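A short worksheet on the structure shown next.
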Amino acid sequence: MSRMNIDLPGLSLKNPVMPASGCFGFGREFSQLFDLSELGAIMIKATTEEPRYGNATPRVAETPAGMLNAIGLQNPGLEKVIGNELEWLKQFDVPIIANVAGSQTEDYVQVAKEISKVENVHALELNISCPNVKTGGIAFGTIPETAKELTKKVKEVSEVPVYVKLSPNVSDIVGMAKAVEDGGADGITMINTLLGMRIDLKTGRPVLANRTGGLSGPAVKPVAVRMVYEVSQKTNLPIIGMGGISTVEDIIEFYLAGADAVAIGTANFVNPFICTELIAGLDQYLEKHNVDHISELKGLSWK
Amino acid sequence: MIQKELMTVVAQSEIAKNIFEMTLKGTLVDQMDEPGKFVHLKAGEEVTPLLRRPISIARIEPEKQEFTMIYRAEGAGTNVLARKRPGDKVNVLGPLGHGFPVGEAQTGQTALLIGGGIGVPPLYELSRRLNAKGVKTIHVLGFQNQAAAFYTEQFALLGETYVATVDGSLGEQGFVTDVVNNHGLKADIFYSCGPTVMLKAVEQLHAAPHGFISLEERMGCGIGACFACVCHPSADETGTSYLKICSDGPVFKAGEVAL
Ligand SMILES: Cc1cc2nc3c(=O)[nH]c(=O)nc-3n(C[C@H](O)[C@H](O)[C@H](O)COP(=O)(O)O)c2cc1C
Ligand code: FES
């Protein structure tokens with residue numbers, strides 16, 4: 001499948017399709033369904049220094065063509081992620097992108113420093129865009145100067161390239177992208193979820209225990225495509241695009257907008273085999289349309 | 001092994017108010033080895049409703065490669081499902097989770113099965129398996145009212161069956177726990193499925209020395225990857241331990257989960 005291999009900072013990908021953070025756990029469950037080595041990469045669940053339980057349930061709610069989630073960065077903590085999860089993932093021939101989260105700069109720096117030393121972690125994804133935690137997360141993702149400073153600090157300690165995951169909950173996405181580029185980011189991943197809410201008519205209260213949650217799925221795709229389109233024209237950083245992808249046509253659309261690779265989130269819940277199906281389908285699509293290499297499609301909508 | 005299959009609807013009927021019984025056929029049934037597991041299904045290819053729906057397995061017929069499920073049509077997903085007719089297809093992922101351990105009840109012993117509302121269905125296959133093994137079953141089934149009740153005769157064919165309704169329109173008036181107390185029911189083991197408040201009350205009963213409960217929660221993936229369906233274990237000093245209802249459960253040892 002030589003028309004699908006992609007080289008990005010730190011990442012030599014067999015194909016440009018990877019599961020998005022938080023939608024694939026640490027891969028264990030999916031390994032019962034298919035060989036994880038087939039994936040371009042794996043973005044693991046957000047890791048924080050200490051174990052986190054996350055928010056109360058209900059944590060998910062259905063919405064038209066999408067879903068809201070307020071998991072709250074639940075994870076077993078840095079030590080266990082390194083000792084159990086990443087160790088276990090070493091049996092697969094697949095690069096890991098470690099999603100790093102925290103409440104303050106020191107947390108991010110600490111996690112980044114340790115997790116970037118692990119052999120199968122080929123890149124970091126700084127999660128400055130989680131809408132579901134009270135402190136940190138989103139604050140880092142909405143103020144350009146803060147995002148830039150954090151990126152700088154993490155770059156100083158990381159042993160692998162650093163991608164920054166942008167939040168769509170901002171008025172100037174290009175400004176955010178430029179800020180993290182100034183901070184020394186090696187790449188951008190986008191978008192995280194859009195802040196939303198659903199109210200139960202029977203109880204008159206929000207459906208989610210956390211009240212608000214992040215919207216994902218097909219409903220957010222046009223927002224993501226627009227943002228990739230804008231950012232790719234204004235920065236030189238490679239972009240891993242995501243937001244509502246569930247078909248091969250969606251992947252092509254992200255490429256035309258300006259993405260270098262794509263990640264699949266919510267669609268894994270609808271069809272846990274989606275990533276492998278898309279990898280096979282994408283190759284067929286390229287063949288049928290006489291595309292010699294997928295990267296030829298990048299940014300064609302504005303070039 | 002977990003499989004994904006477009007299964008064929010063999011039969012569907014409304015057996016109580018908004019309660020549907022659907023039988024599906026396909027090779028996925030070969031994987032159904034234990035009562036109490038569930039399937040995660042999607043009625044159509046549309047993006048709304050987007051997510052799958054977890055539904056418990058009420059009856060397994062391996063020879064025919066068919067299984068039956070009983071569900072309440074109450075939301076977008078289950079309403080689409082309720083409109084399916086024989087011959088239609090349903091996208092099924094399963095079987096998922098850990099079910100009721102039949103092996104925990106010994107031949108000759110008595111098992112008390114306590115179900116509430118839409119928690120009643122998985123107890124049916126469980127009761128069939130227990131009886132096949134020579135375990136005597138006593139059933140206590142709770143419903144909102146007569147219109148919402150189902151499968152009481154089917155259970156009665158398998159063993160002593162008591163029915164409780166909140167308004168007394170069928171069986172005895174009250175909760176399942178009242179029935180157990182009023183009749184002084186005793187057993188070697190209990191199995192229960194229903195709303196969490198009911199399970200909590202069932203765990204306080206002293207009708208059997210040990211037992212198993214099946215929990216419900218809103219789900220995303222259904223396979224243990226998204227952390228949508230977590231609960232706290234009862235023994236949790238740090239407050240950060242968790243159990244995933246979809247993959248560690250839905251059946252847990254009574255007392256294992258903080259309800
Ligand atoms: C249940 C759930 C959990 C998520 N957890 C994380 C996370 O831990 N870290 C992160 O950076 N993004 C997380 N996300 C966001 C996704 O990685 C992705 O950016 C977003 O869902 C948009 O893509 P999609 O529409 O394909 O799902 C999560 C999304 C969902 C639905
Ligand atoms: S529903 Fe995803 S972990 Fe249980």
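Nothing here was measured: the structure is a model prediction, and the numbers come from that model. Any value given below was found using the heavy atoms of this structure, including those in side chains, with hydrogens, waters and symmetry copies removed. Each chain gets a letter, A, B and so on, in the order its sequence line appears, and its residues count up from 1.
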Mind ranking B:E217, B:K42, B:M219 by heavy-atom pairs under 4.5 Å with chain A and telling me who comes out on top?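 Looking at each option in turn, the highest pair count goes to B:E217.
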
From the list B:C231, B:G75, B:G77, B:S247, the residue making the most non-hydrogen contacts under 4.5 Å with chain A is B:C231

Could you state the interatomic distance from CD1 (B:I60) to CG (B:D33), rounded to the nearest 0.5 Å?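 Here the rounded value is 7.5 Å.
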
Please classify the contact of A:S246 with chain B as side chain, backbone, both or neither, using a heavy-atom distance under 4.5 Å. neither

Given heavy-atom pairs under 4.5 angstrom as the criterion, report whether the side chain, backbone, both or neither of A:P58 touches chain B. both

Using modelled atom types and a 3.5 Å cut-off, is there a donor and acceptor pairing between side-chain atoms of B:Q12 and backbone atoms of B:L81? yes

Ignoring hydrogens and angles, state whether a donor on the side chain of B:D30 or B:Q65 is under 3.5 Å from an acceptor on the partner side chain.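 Indeed, the side chains of B:D30 and B:Q65 share at least one donor-acceptor pair under 3.5 Å.
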
Under 3.5 Å side-chain donor-acceptor pair for B:T8 and B:K89: yes

Does the cation-pi check pass for A:R59 over A:Y53, that is, NZ or CZ under 6.0 Å from the six-membered ring centre and within 45° of its axis?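 That pair qualifies as a cation-pi contact.
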
Contact winner vs chain B - A:P218, A:A65, A:G77, heavy-atom pairs under 4.5 Å: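 The option with the most such pairs is A:A65.
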
Proximal component of B:L93, with respect to chain A [non-hydrogen, under 4.5 Å]: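 Interface part for B:L93: side chain.
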
